[in-house]
Amino acid sequence: MRADILIVGGGVGGVAAALAALRRGRSVIMTEEYDWLGGQLTSQAVPPDEHAWIEQFGCTRSYRAFREGVRAYYRTWYPLTSAALRQPDLNPGLGRVSRLCHEPRVALAVLEGMLAPYRSAGTLRVLTGHRAVTARVEGDRITAVTVVSRAGEERTVEAPYVLDATELGDLLPLADVEHVMGFESSAETGEPSAPSEAQPLNQQAFSWVFAVEHLEGEDHTIDRPAQAGFWREYQPECWPDRLLSLTAPDPRTLETLTRTFVPHAHSGPIVADQSADPGDRDLWLFRRIFAREQYEPGFAASDITVVNWPMIDYLPGPLLGVSEDERDKHLQGARQLSLSMLYWLQTEAPRPDGGTGWPGLRLRPDVMGTSDGLAMAPYIRESRRIRAHTTVVEQDLSMVVRGDAGAVHYPDSVGVGMYRIDLHPSTGGDNYIDVPSSPFQIPLGALLPVRMRNFLAAGKNIGTTHITNGCYRLHPVEWNIGEAAGALAAHCLTNSLTPEQVRADSRLIESFQSELTQDGFELAWPEVKGY
């Protein structure tokens, strides 16, 4: 198979990269390991984590089109109340983590709709259920990538440009692209929060998300999971209680905090603004993706909420830098942790009436697109990262370091992002590392590996560190990264340039940035303060 651009990985960055290249008239082949495109938004079932100004500015035009597409889907097909229909910033789930908490299938429908014209035109071919297994490299160029289906069928794809948009940076070791994983040392990065020695196996926890509803008076208690005994007693050294509880550290202060979990608790005024309130005090409301109060009376018996809490962060070991058997053990362990959390919620969680357990909690496999009710894919926070022309470090955007000066300005900016440096507990025993950050830019140099000439990073695998990955990994930033990578590959093909030439020449980078601006990219922030 041949195309102008091969995108390996169909998550948030991969879809955005494809759209950018396709808009510029290029042919694209995109491969994806799972059945759904969309990554964090769909197969991982994570509502978008976004900054406080997302409704006004701070993302690309196409990401905004996706967001409005989600709202339009609900307005068109769901029996919303008249009050909900009038909401210009409709939040279907009334969740507190985001102003746009929605079901994974709706995100999938909108993304597929955005891609549909190019599928019909034949310029986009998508291979779902395929993962990369080998890469053919000649000198400093990748000439082909072989992917394999679950049935064992192999396909080899050739393309002048190859983009890695996988969740874990899968192409980097396959193509011998220089990269790093885990925690870099302070000697290498100069970061205030880094350890004195590198810790490659110290990686952010991943999680296996699930969705539940609650039907009062019914009993949907699952069979006791095989590892329930282990997880019931498991307490990390850095944790104030057993993992299976409602008690965990406050991410920003590390103060011990006990949350509430009450199905169908009255939501009150919704504060989906993480600059003012992280939104995680009541766990039913935190990541609720379907709020029955938004719909006509009697339409739905229950809300639907997503369990993606610190208590299901998997800490015993990483996914990168270990054997395949060890990796599989950790993946299975994460699934068991999530099922054990559900079983604990059904049988032991404290109730306001003094009782224990919510047996009416029921998994929603239809929402997840799976048979068992867990998300289709694990929620990945940290990837392998390229050795890049530009590596973004903590002191480039930390408010503790930069103060009122704001983040470092990059003359080769290809977009913007904003989120606190938010590192979940890690496989190396670290508790939260949470640092206020300034609204930042995405430097083109972070997408370019130091050696490979026709390869671009298009997701969480760009030139960040373990620390700065904590704010560059969120949905709108990953979308912007992928979209910029797809645009750059198409731009280079059209103008017979290399990415390095574009970045190195002020005239060329300004021309490319002008193209991005016309296409709806924001390359700099207005005057806003971080948090």
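Side chains included, hydrogens not; waters and symmetry mates left out as well; all remaining heavy atoms used.
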Participant: Any donor-acceptor pair under 3.5 Å linking the side-chain atoms of Thr247 with those of Trp239?
Facilitator: no
Participant: Under a plain distance cut-off of 3.5 Å, with no hydrogens placed, do Thr464 and Asn469 share a side-chain donor-acceptor pair?
Facilitator: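 No, because no side-chain N or O of Asn469 sits under 3.5 Å from a partner of the opposite role on Thr464.
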Participant: Testing the 3.5 Å rule here: is there a donor-acceptor pair between the side chains of Thr517 and Ser514?
Facilitator: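 Short answer, no.
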Participant: Within a strict 4.5 Å, meaning less than it, do heavy atoms of the Val180 and Arg384 side chains meet?
Facilitator: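 A side-chain contact under 4.5 Å is absent here.
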Participant: Out of Arg96, Arg259, Arg252, which residue meets the salt bridge (Lys or Arg N to Asp or Glu O under 4.0 Å) rule with Asp280?
Facilitator: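 Only one of Arg96, Arg259, Arg252 forms a salt bridge (Lys or Arg N to Asp or Glu O under 4.0 Å) with Asp280, namely Arg259.
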Participant: Quick one, Arg287 with Glu103, criterion salt bridge (charged side-chain N to carboxylate O under 4.0 Å, His left out). Give me CA distance, side-chain angles, the key distance, then yes/no.
Facilitator: CA-CA 11 Å; Arg287 294 183 183 270; Glu103 300 155 85; over 6 Å; no
Participant: Please report the closest heavy-atom contact between Pro411 and Ile509, naming both atoms and the distance.
Facilitator: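 Nearest heavy atoms, Pro411 then Ile509: O-CG1, 4.4 Å.
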Participant: Can you give me the closest heavy-atom contact between Gly10 and Val15, atom names plus distance?
Facilitator: O-CG2, 3.6 Å
Participant: Compare all side-chain heavy atoms of Asp430 with those of Cys238 and state whether any distance is below 4.5 angstrom.
Facilitator: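 A side-chain contact under 4.5 Å is absent here.
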Participant: Ala194: which residues meet the side chain to side chain contact (heavy atoms under 4.5 Å, CB included) condition with it, sequence neighbours left out?
Facilitator: Phe183, Ser186, Thr189, Glu191, Ile467
Participant: Could you pull out all residues at least two apart from Tyr379 that satisfy ring-ring contact (aromatic ring centres under 6.0 Å, His included)?
Facilitator: none
Participant: Glu522 and Thr60: side-chain donor and acceptor closer than 3.5 Å?
Facilitator: no
Participant: Could you tell me if the side chain of Leu94 sits less than 4.5 Å from the side chain of Cys101, heavy atoms only?
Facilitator: no
Participant: Are side-chain N/O atoms of Tyr63 and Glu68 paired as donor and acceptor at under 3.5 Å?
Facilitator: no
Participant: Has the side chain of Ser98 got a donor or acceptor atom that lies under 3.5 Å from a matching backbone atom of Pro48?
Facilitator: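 Checking the backbone N and O of Pro48 against the side chain of Ser98, a donor-acceptor pair under 3.5 Å is found.
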Participant: Is it true that the side chains of Thr390 and Arg503 contain a donor and an acceptor less than 3.5 Å apart?
Facilitator: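 Per modelled atom types, Thr390 and Arg503 side chains form a pair under 3.5 Å.
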Participant: Report yes or no: does Asn461 contribute a side-chain atom to a donor-acceptor pair with the main-chain N or O of Gly169 at less than 3.5 Å?
Facilitator: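 Such a contact is absent between Asn461 side chain and Gly169 backbone.
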Participant: Any non-hydrogen side-chain atom of Leu163 less than 4.5 Å from a side-chain atom of Leu6?
Facilitator: no
Participant: Between Thr427 and Gln203, do the side chains contain a donor N or O and an acceptor N or O under 3.5 Å apart?
Facilitator: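 No.
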Participant: Using a 3.5 Å distance criterion without hydrogens, assess whether the side chain of His475 forms a donor-acceptor pair with backbone atoms of Glu50.
Facilitator: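 No: the side chain of His475 does not pair with the backbone of Glu50.
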Participant: Name the orientation class of the two ring planes belonging to Phe57 and Trp53 (parallel below 30°, tilted from 30 to 60°, perpendicular beyond 60°).
Facilitator: parallel
Participant: Check whether the ring centres of Tyr74 and His102 lie less than 6.0 Å apart, and answer yes or no.
Facilitator: no
Participant: Any sub-3.5 Å donor-acceptor pair from Thr42's side-chain atoms to Leu108's backbone N or O?
Facilitator: no
Participant: Mind checking what makes ring-ring contact (aromatic ring centres under 6.0 Å, His included) contact with Phe512, not counting sequence neighbours?
Facilitator: His491
Participant: Checking Ser338 now: which residues fulfil side chain to side chain contact (heavy atoms under 4.5 Å, CB included) with it, not counting sequence neighbours?
Facilitator: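 Side chain to side chain contact (heavy atoms under 4.5 Å, CB included) list for Ser338, sorted by chain: Trp208, Phe210, Ile312, Leu374.
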Participant: Any heavy-atom pair between the side chains of Val162 and Val145 that's under 4.5 Å?
Facilitator: yes
Participant: Identify, with sequence neighbours excluded, every residue that meets salt bridge (Lys or Arg N to Asp or Glu O under 4.0 Å) alongside Arg327.
Facilitator: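 Partners of Arg327 under the salt bridge (Lys or Arg N to Asp or Glu O under 4.0 Å) test: none.
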Participant: Scan side-chain atoms only and decide if Gln441 and His409 contain a donor-acceptor pair under the 3.5 Å cut-off.
Facilitator: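 Yes, side-chain donor-acceptor contact under 3.5 Å.
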Participant: With side chains defined as the heavy atoms from C-beta onward, is the minimum distance between Leu319 and His330 less than 4.5 Å?
Facilitator: yes
Participant: Please report whether the ring centroid of Tyr161 lies less than 6.0 Å from that of Phe455.
Facilitator: no
Participant: Phe206 vs Tyr314 aromatic rings, parallel, tilted or perpendicular, using cut-offs 30° and 60°?
Facilitator: tilted
Participant: Do Arg402 and Ser437 meet the criterion of a side-chain donor-acceptor pair at a distance under 3.5 Å?
Facilitator: no
Participant: Measure the spacing between CG of Leu22 and OG1 of Thr123 and express it to the nearest 0.5 Å.
Facilitator: 5.0 Å
Participant: Does the side chain of Leu90 come within less than 4.5 Å of Pro92's, by heavy atoms?
Facilitator: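 Pro92 reaches Leu90 side chain to side chain.
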Participant: For residues 449-476, which residue pairs pass the salt bridge (charged side-chain N to carboxylate O under 4.0 Å, His left out) check, not counting sequence neighbours?
Facilitator: Asp140-Arg451, Glu167-Lys460, Glu178-Arg451, Asp422-Arg473, Arg453-Glu500, Lys460-Glu478
Participant: Taking all non-hydrogen atoms of both residues into account, name the closest pair between Met311 and Ala248 and its distance.
Facilitator: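 What the structure gives for the nearest pair is CE-CB, 4.0 Å.
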